[in-house]
Amino acid sequence: MDLARRHGLSAQAVRNYEAAGILPAAARTASGYRVYTQAHARALGAFLALLPGHGHQAAAAIMRAVNAGAEAEAFRLIDESHAQLADDRSTVRAVEGALGDLAPVADDRGETFVGPLARRLGLRPATLRKWERAGVVRPRRDPRTGYRVYTAADVRDARLAHQLRRGGYRLDRVAAVIAQVRSAGGVAPVAAMLDEWHARLAARGRAMLAGAAALDGYLNS
């Protein structure tokens, strides 16, 4: 199938995209073969261009909306992706702010428990317990109740971990960064991660531009 070969895809992948609504429905010959036109080629090109900036789920939803004639819904989905990118940029700035003071924090009496901290961060308590097992946070236990008690330093670590996780970093990498922050042993690994994060966001923004151009071409065809 020429359409598949042109993009380095299998014929089955193209059929799957059609079945998912990413491509418009193809006409059939009398013998049942699908007939793909230039419109299908432009639709596939638009979808593949949208993928790097928006991800598979959003790109597929955008194309389904366009092919269903619901352009307003497609534009709403695109706006959501741009809003997420803007939010991620804010997260980077927040991480940079959080790293502005790497001085060790003196041990304190606990300020909060797992439930209130989870609510403050918009997480489940189970997530904080998972982070504890990974060494990201190290709450002490109240000797009388056994409850986890999070000091000011623990809260700082949890906030930073939450920001880094939202940036797409694996838990083992987050734990390494938190260990650096905790010990104030150096900023080089943290700075390198932030540089990489900035580069990834810039690439995503550029990919969104390319995807918008390809989608505009499809809409105008």
Side-chain angles (χ1 to χ4, degrees), residues 1-29 31-92 94-95 121-124 126-127 130 162-174 193 196-221:
M1 183 191 295
D2 290 341
L3 181 60
R5 285 194 296 271
R6 195 179 312 165
H7 294 282
L9 300 170
S10 68
Q12 185 59 51
V14 173
R15 289 192 289 269
N16 290 344
Y17 288 154
E18 181 191 350
I22 293 168
L23 304 183
R28 300 291 189 112
T29 66
S31 54
Y33 289 105
R34 292 174 173 84
V35 178
Y36 292 109
T37 66
Q38 282 302 310
H40 293 92
R42 283 188 286 269
L44 181 57
F47 171 67
L48 295 176
L50 289 167
L51 274 176
H54 296 270
H56 189 281
Q57 182 176 348
I62 291 165
M63 293 304 299
R64 279 195 293 269
V66 167
N67 291 327
E71 291 186 7
E73 173 63 10
F75 299 152
R76 185 191 67 78
L77 292 166
I78 291 169
D79 288 345
E80 283 189 353
S81 285
H82 281 282
Q84 183 61 61
L85 178 60
D87 189 55
D88 288 345
R89 291 189 192 282
S90 296
T91 298
V92 174
V95 172
L121 297 177
L123 301 170
R124 294 180 303 150
T127 299
K130 179 180 178 182
H162 185 38
Q163 292 161 352
L164 292 171
R165 288 290 282 167
R166 287 190 58 211
Y169 290 94
R170 299 190 314 269
L171 202 54
D172 59 339
R173 293 194 66 191
V174 173
M193 180 179 286
E196 177 190 338
W197 198 350
H198 278 296
R200 286 168 56 191
L201 291 176
R204 201 162 115 215
R206 182 63 182 269
M208 284 183 175
L209 286 177
L215 182 61
D216 184 60
Y218 177 50
L219 289 170
N220 288 327
S221 63

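Bear in mind that the values here come from a model prediction, so they are computed numbers and not experimental data.
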Between Y17 and L9, is a side-chain contact (heavy atoms from CB on, under 4.5 Å) present by the stated rule, with each step listed? CA-CA 11 Å; Y17 288 154; L9 300 170; 4.0 Å; yes

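- Listed for the H40 side chain is a donor-acceptor partner under 3.5 Å among the backbone atoms of T37.
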Start with the C-alpha distance between Y218 and M63, add both sets of side-chain angles, then the distance that settles side-chain contact (heavy atoms from CB on, under 4.5 Å), and finish with yes or no. CA-CA 10 Å; Y218 177 50; M63 293 304 299; 3.7 Å; yes

As a quick check of understanding, evaluate side-chain contact (heavy atoms from CB on, under 4.5 Å) for S221 and Q38, giving each step before the final call. CA-CA 9 Å; S221 63; Q38 282 302 310; over 6 Å; no

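- For R206, the CZ atom is loosely surrounded, since the number of other residues' heavy atoms within 6.0 Å does not exceed 12.
- Salt bridge present: E73 and R76 bring a charged side-chain N and a carboxylate O closer than 4.0 Å.
- Remark: E71 CD to I78 CD1 distance equals 10.0 Å, nearest 0.5 Å.
- Remark: R173 CZ to L171 CG distance equals 12.5 Å, nearest 0.5 Å.
- Distance alone, capped at 3.5 Å, is enough to place a donor-acceptor pair between the H162 side chain and the L121 backbone.
- Closest non-hydrogen pair, A214 versus G45, comes out as CB-O, 4.2 Å.
- Distance check, rounded to the nearest 0.5 Å: CZ of R34 to CD of E18 gives 5.0 Å.
- In this structure, the separation between CZ on R6 and CG on L48 is 11.5 Å, given to the nearest 0.5 Å.
- Taking both residues in full, the closest heavy atoms of N67 and G21 are given as ND2-O, 2.9 Å, listed atom of the first, atom of the second, then distance.
- The nearest pair of heavy atoms linking L85 to M208 is CD2-SD, 3.9 Å.
- Closest approach of I62 and A74 over heavy atoms only: O-CB, 3.8 Å.
- When all heavy atoms of A43 and P24 are compared, the closest pair comes out as CB-CD, 3.8 Å.
- Smallest separation of non-hydrogen atoms from L3 and A41: CD1-CA, 3.5 Å.
- The aromatic rings of H56 and F47 lie perpendicular to each other, with more than 60° between the two planes, well past the 30° mark.
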Could you walk me through whether R204 and D88 pass the salt bridge (Lys or Arg N to Asp or Glu O under 4.0 Å) check? CA-CA 11 Å; R204 201 162 115 215; D88 288 345; 3.0 Å; yes

